[in-house]
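Below, all heavy atoms of this structure are taken into account, side chains as well, without hydrogens, waters or symmetry copies. The structure presented is a predicted model; accordingly, all values stated were derived computationally and were not measured. Whatever order the structure lists them in is the order used to number ligands and atoms, beginning at 1. Heads up: numbering here begins at 1 and tracks the sequence.
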Amino acid sequence: MDATECLAGIRLMPVLALRDEAVALRLAHILRDVGFRALEITLRTPQALSILERLARALPELILGAGSLRSPAQITEAKDAGAQFLVAPGYTETLLAAVNAERLPFVPGAATGSEMLRLLEAGYRLQKFFPAETLGGAPALRSFSAPLPEVRFFPTGGINSERLPAYLSLEAVAMVGGSWFVSDEALQGGDDEAIGAAATEAWSLAHG
Ligand code: 3PG
């Protein structure tokens with residue numbers, strides 16, 4: 001299965017940097033109840049892998065992936081923890097070879113036309129566009145995608161509710177990712193209602 005198939009129908013992906021298992025469990029339940037079917041857990045915290053493993057056991061109905069992938073060693077670790085897909089901020093030839101060997105759906109990142117072409121050449125028709133807002137946002141992505149009709153994009157980085165519709169209106173955008181609707185403050189403060197409300201607002205915007 002490739003990433004396009006694995007993530008078919010997903011329009012908005014929560015991109016989460018998690019440090020606390022109990023908080024992560026609470027958050028994942030809230031997001032699932034709101035309607036999210038897939039979550040990306042970034043490998044940016046020391047706890048990310050054990051949290052991924054815990055979530056995979058507790059919520060098997062969710063499609064869980066590991067993000068911020070940087071090294072071949074992390075591919076095996078993420079797979080062992082239960083990741084069903086991988087996301088990276090870019091790619092290297094080493095990473096592409098290692099992911100191929102593990103046969104896990106992978107969304108590599110591209111920020112230039114040459115990177116997009118290289119990834120297309122390697123068979124990646126779903127590519128992360130990162131950091132989306134810094135690279136010029138939806139207008140830039142529209143320009144990049146015009147000569148690349150085969151590629152679908154997963155823009156992330158600096159996107160929020162105001163910017164989301166412009167991305168999702170592009171034919172080239174399969175789904176958008178972000179963390180703007182998961183407030184750290186609400187999470188730490190245990191304000192599940194606020195988290196649920198923000199997540200519902202984002203989900204409705206993406207699926208309206
Ligand atoms: C990512 O890793 O994809 C981004 O950091 C998520 O972007 P955001 O936190 O700016 O929404």
Exceeds 12 heavy-atom contacts within 6.0 angstrom, atom CD of E193: no
Backbone N/O of L117 and side chain of E121: donor-acceptor pair under 3.5 Å: no
Solution key, residues 175-187 side-chain donor-acceptor pairs under 3.5 Å, sequence neighbours excluded:
residue : atom : partner : partner atom : Å
W180    : NE1  : S161    : OG           : 3.0
S183    : OG   : E185    : N            : 3.3
S183    : OG   : A186    : N            : 2.9

Worked verdict on L104 versus F85 for side-chain contact (heavy atoms from CB on, under 4.5 Å): CA-CA 6 Å; L104 259 192; F85 66 93; over 6 Å; no
Sorted by chain and number, the residues that approach ligand 1 to under 4.0 Å with a heavy atom: V15, R44, K128, F130, T156, G157, G158, G178, S179
Any donor-acceptor N/O pair, R44 side chain to L16 backbone, under 3.5 Å: no
CZ/R125: more than 12 non-hydrogen atoms of other groups inside 6.0 Å: no
